[in-house]
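The structure appears right after this line, and notes come after that.
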Amino acid sequence: MTNRKRRRSAGASTTTPPLGLEPFVAWLQRAAQFFKSGPEAQDAVQTALERALRSGATIRHPRAYLAQTLRNLAVDEARRVRASGGAALALEEVEDRLPSVAPDQETTLLLKQVILGLPPLYRDVFILNRFVGLTYEQIAARQGVTPKAIEYRMSRALALCQDALRD
């Protein structure tokens with residue numbers, strides 16, 4: 001066992017999750033089981049939490065951040081095994097094995113309520129841009145206003161959504 005692995009294994013049982021990530025540890029442990037087993041899965045969990053802690057940034061979407069970190073670890077491992085001549089899962093298989101971070105039903109419902117709760121002036125612009133895929137110029141032509149007005153309405157819609165989701 002290398003010093004690095006020994007340190008990681010020793011730290012795995014005594015290190016607490018970074019502040020704010022505690023609710024995601026059980027999910028992360030289950031997710032790690034998709035491509036690792038036993039101590040290797042715990043090492044992957046520990047490494048993901050260490051990277052979150054080292055980043056020093058405010059993690060606005062912890063589950064997505066940890067899932068992407070876990071995905072990156074799995075891909076790195078597959079590449080390492082392949083480079084050493086071993087039989088590794090294809091990268092596509094790694095992706096397929098990891099759980100989705102798609103929003104759950106409760107989150108989807110909350111987002112729908114927030115968007116539908118926007119004032120009509122802002123809601124229309126938001127939906128046309130984010131869901132229909134129209135540009136500000138296309139929306140402006142459709143509504144008979146300037147693209148700058150659409151830009152303002154979109155910034156207000158986003159701010160209102162952010163405020164609603166923060167509460």
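L116 and L111 are not part of a single hydrophobic cluster, where members link through side-chain heavy atoms under 4.5 Å apart. Hydrophobic clustering of Ile, Leu, Val, Met, Phe, Trp and Tyr side chains at less than 4.5 Å, counting indirect connections, keeps V114 apart from F131. Hydrophobic cluster membership is shared by I139 and L121, with clusters built from Ile, Leu, Val, Met, Phe, Trp and Tyr side chains linked at under 4.5 angstrom. When hydrophobic clusters are built by joining Ile, Leu, Val, Met, Phe, Trp and Tyr residues whose side-chain heavy atoms come closer than 4.5 Å, directly or via intermediates, Y136 is grouped together with Y152. Linking Ile, Leu, Val, Met, Phe, Trp and Tyr whenever their side-chain heavy atoms come within less than 4.5 Å puts V145 and L158 in one cluster.
Using a 4.5 Å cut-off on side-chain heavy atoms (C-beta onward), E151 and M154 make no contact. Using a 4.5 Å heavy-atom threshold, the side chains of V125 and R156 count as separate.
Remark: side-chain polar atoms of R153 are not paired, donor with acceptor, to backbone N or O of Y122 under 3.5 angstrom.
The distance from the CD atom of Q42 to the OG1 atom of T47 is 11.0 Å, given to the nearest 0.5 Å. Of the inter-residue distances, the one linking D43 atom CG with L73 atom CG reads 10.5 Å to the nearest 0.5 angstrom. The distance from the SG atom of C161 to the CD1 atom of I115 is 5.5 Å, given to the nearest 0.5 Å.
Just one of D124, I150, L128 meets the side-chain contact (heavy atoms from CB on, under 4.5 Å) condition when paired with R142; it is L128.
Closest approach of E137 to P147, counting heavy atoms only: CG-CG, 4.1 Å. The nearest pair of heavy atoms linking T146 to A140 is C-CB, 3.6 Å.
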